[in-house]
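Inspection log for the structure reproduced underneath, given as structure tokens.
Excluded from the calculations below are hydrogen atoms, water molecules and symmetry mates; all remaining heavy atoms, backbone and side chain alike, are included. The first residue in the sequence is number 1, and the count goes up from there.
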Amino acid sequence: MEQGEKSLTAKDKGLIRDSWERLGKNKLPHGTVMFARLFELDPELLKLFHYNTAFTSAQECLSSPEFIDHISKVMLVIDAAVSHLDDLQSLAEYLVNLGRKHQAVGVKTQSFNVMPLFCVKAVGESLLYMLERSLGPGYSTELRDAWVTLYAIVVKTMSSGWTENGENKSD
């Protein structure tokens with residue numbers, strides 16, 4: 001972690017773990033809420049998901065078996081981050097490779113970037129939206145801030161995969 005980068009406190013980690021656990025074992029419905037929000041915020045992202053057919057609507061994409069599989073994988077990445085809160089560095093290589101894969105299919109870092117920390121772009125905003133909707137009154141400013149910090153750490157690591165592939169971070 002670079003100097004000046006916010007780190008997770010023990011309290012942040014507890015809040016994140018507790019909130020993730022409160023979502024239950026089946027995270028797919030929560031992931032669907034997250035991606036529905038993502039497509040509301042940035043409808044252009046729908047074009048990146050064109051498996052065997054081009055989707056004409058977000059709902060068509062969200063209900064396709066291929067996309068349901070994608071949602072499951074995204075939720076597993078979040079689950080891995082939550083499971084490794086005490087050693088996020090152990091996920092570094094995996095996250096860098098994930099960044100490379102996203103860059104290779106045309107995803108721009110601006111869809112993920114956190115600049116500044118509390119101005120979260122489409123993916124981060126969608127994650128926070130999902131947490132707020134799913135947790136209801138259990139969602140607080142303190143919890144939001146903890147998730148924003150975790151998200152910033154994960155995205156910073158992923159974005160080095162874009163950088164290694166030659167994409168300028170400001171793209």
Non-neighbouring partners of [X] that pass side chain to side chain contact (heavy atoms under 4.5 Å, CB included), sequence neighbours left out:
X: E21; answer: none
X: S57; answer: Q59, E60
X: K73; answer: D69
X: K25; answer: none

Sequence neighbours left out, what passes salt bridge (charged side-chain N to carboxylate O under 4.0 Å, His left out) with [X]? Give chain and number order.
X: D79; answer: none
X: E44; answer: K47
X: R22; answer: D18
X: D87; answer: none

With the side chain counted from C-beta on, respond yes when [X] and [Y] share a heavy-atom pair under 4.5 Å apart, and no when they do not.
X: L127; Y: V123; answer: no
X: V77; Y: Y94; answer: yes
X: I68; Y: T32; answer: no
X: L28; Y: I71; answer: yes

Locate the shortest heavy-atom distance separating [X] from [Y]; write the atom from each residue and the value.
X: H30; Y: L23; value: NE2-O, 2.9 Å
X: F67; Y: C61; value: CB-O, 3.0 Å
X: A81; Y: V154; value: CB-CG2, 4.1 Å
X: I78; Y: W20; value: CG2-CH2, 3.3 Å
X: G138; Y: L143; value: O-CD2, 3.7 Å
X: M34; Y: S126; value: O-CB, 3.3 Å

Got a second to check how far [X]'s [atom1] is from [Y]'s [atom2], nearest 0.5 Å?
X: Q89; Y: I153; atom1: CD; atom2: CD1; result: 10.5 Å
X: E125; Y: E132; atom1: CD; atom2: CD; result: 10.5 Å
X: L15; Y: L85; atom1: CG; atom2: CG; result: 11.0 Å
X: L38; Y: L41; atom1: CG; atom2: CG; result: 6.5 Å
X: L8; Y: D145; atom1: CG; atom2: CG; result: 11.5 Å

List the steps, then state whether salt bridge (Lys or Arg N to Asp or Glu O under 4.0 Å) holds for R37 with D42. CA-CA 9 Å; R37 179 66 175 159; D42 192 348; over 6 Å; no

What residues form a side chain to side chain donor-acceptor pair (under 3.5 Å) with S19, not counting sequence neighbours?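 Scan of S19 (side chain to side chain donor-acceptor pair (under 3.5 Å), adjacent residues dropped) gives W147.
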
Return the set of residues passing side chain to side chain donor-acceptor pair (under 3.5 Å) with S83 (not counting sequence neighbours), or none when no residue passes.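 S83: no side chain to side chain donor-acceptor pair (under 3.5 Å) contacts found.
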
List the steps and the verdict of side-chain contact (heavy atoms from CB on, under 4.5 Å) for Y139 and L128. CA-CA 9 Å; Y139 185 81; L128 296 174; 3.7 Å; yes

Anything under 30° is parallel, anything over 60° is perpendicular, the rest tilted; go ahead and classify F35 against H70.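 Because their plane-to-plane angle is over 60°, the rings of F35 and H70 count as perpendicular.
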
ring-ring contact (aromatic ring centres under 6.0 Å, His included) partners for Y129, two or more places apart: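 In terms of ring-ring contact (aromatic ring centres under 6.0 Å, His included), with neighbours along the sequence ignored, Y129 is linked to no residue.
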
Pair listing, salt bridge (charged side-chain N to carboxylate O under 4.0 Å, His left out) test, anchored in residues 133-142, at least two apart: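 Checked against salt bridge (charged side-chain N to carboxylate O under 4.0 Å, His left out) - neighbours excluded - the pairs reaching residues 133-142 are K11-E142.
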
